[in-house]
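Okay, structure first, notes after.
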Amino acid sequence: MIPRPSTDLAPRMPLVLLGASTGGTRAIARILSLLPPLRASIVIVQHMPRFINESFARSLAADSANAVRLVRDGDVLAESTVFLAPSDLHCQLVGNRRLRLVPGLPVNYVCPAVDVTMQSVAPPAPGQRLVGILLTGMGRDGAQGMAHLKSLGALTVAQDAASCAVHGMPAEAVRLGCIDYELNPDAIARWLTGLPGFVLPGSRNPGTRR
Amino acid sequence: MKQVMIVDDDPSILQAAGRVLQRKGFEVLKIPDGGRCLEAVRSGYRGVVLMDIMMPGLTGWETIRALLAEGLQEQILICMLTARPTPGPDSAGLEGLVFDYLPKPFAGDELVRLVEYAAQFASPGNGQTSATCPPATPSDGRQS
């Protein structure tokens, strides 16, 4: 392992990439409602029509201990913050630090595509933890992205078949052999909360909000 | 009044689902086929659409393709009601257009939970009122 520079003693902010489609809004809402304030930053790509972008972001924010905001071009990732990609633009990470919104053709028939966001993730800085989560959805968007994250050393989770509205995207990722765990939304929240360095010191333990 | 549209060729589904949702205060549009669903959305229906897949005439997937061809998918939230556990190949290219998926047979309270959840996002005028989270547009992507 490469030692961190001595001037950088604080753990690097963990980064969570989450993709979802059909049925994903309810799963995301459940996961976020169970998470305590995190040291991590979460970037979410949920396929949805544009007219619900704001109302979905507001509904998540109303029941989350972490801030939730729609991504604006140039946003800088921040801890305890969920960045929700808006419809009709691809959302890419720049240097694992900033978010860019980029016009483009649909990928896997969708824009934004989970694959585009996940495949824009760069090799993590020494000590930085990456997590990829792929939830319920039709088709295969996100599977290649999860494989990319796995190749960078990420921990990867797919929503389990029993809790999926449609077990399409997660099944494709499992088929690619890039998934560490298959879990339901409650278990995903508990698992994330239990990862070393993911929770802000002093915040409550998993499962105490519900 | 909260609106919901049910598209199904089975009158017993239209009646049973309609009754459950009306009891919860929804105005229910019962539509027996895909063609009339298209007409209703062209005429300005906005909100949740519960859509069967296997229907004579236009199937559920064909109806969604027709809505997409006219750009009408941007005013509705589509939830599929279906006996199939997963979509078949005839849904290819429609990824991202289906908000949720409820397998048949479904319990009344499952249907109500889904429709009430979806309706909070799809009520007329929603998404155009808040100034706290302006939605990004393609032009936003080219700025800065």
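Order of the sequence lines sets the chain letters (A, B, ...), proteins ahead of strands, with each chain counted from 1.
- Residue contact with chain A, scored on non-hydrogen atoms closer than 4.5 Å, involves the backbone of B:I76 exclusively.
- A:A29 touches chain B through its side chain: at least one heavy atom from C-beta onward sits under 4.5 Å away, while N, CA, C and O do not.
- Under the side chain to side chain contact (heavy atoms under 4.5 Å, CB included) test applied with B:E95, the options A:V110, A:T22, A:N108 reduce to a single match, A:V110.
- A:S59 approaches B:F121 most closely through the heavy-atom pair OG-CE2, 3.3 Å.
- Side-chain contact between B:Y117 and A:T25 is present, with at least one heavy-atom pair separated by less than 4.5 Å.
- With respect to chain A, the highest number of heavy-atom pairs below 4.5 Å among B:L77, B:L102, B:V98 belongs to B:V98.
- Contact annotation: the side chain of A:V166 never approaches that of B:M80 to less than 4.5 Å [non-hydrogen atoms, C-beta and beyond].
- Heavy atoms of B:F99 lying under 4.5 Å from chain A belong to its backbone as well as its side chain.
- The neighbour count for A:Y109 OH, taken as heavy atoms of other residues, nucleotides or ligands under 6.0 Å away, does not exceed 12.
- Annotation for B:K24: atom NZ does not count as buried by contact number, only 12 or fewer foreign heavy atoms lying within 6.0 Å.
- Proximity of a side-chain donor or acceptor of B:E74 to a complementary backbone N or O of A:R50 within less than 3.5 Å is detected.
- The side-chain heavy atoms of B:S91 and A:M138, taken from C-beta on, include a pair separated by under 4.5 Å.
- Heavy-atom neighbours of A:R140 CZ from other residues, nucleotides or ligands within 6.0 Å: at or below the threshold of 12.
- For B:L114, the parts sitting under 4.5 Å from any heavy atom of chain A are the backbone and the side chain alike.
- Side chains of A:P49 and B:Q73 form no contact here, defined as non-hydrogen atoms less than 4.5 Å apart.
- Listed options A:M48, A:H90, A:H47, A:Q46 were ranked by heavy-atom pairs under 4.5 angstrom with chain B; first place goes to A:H47.
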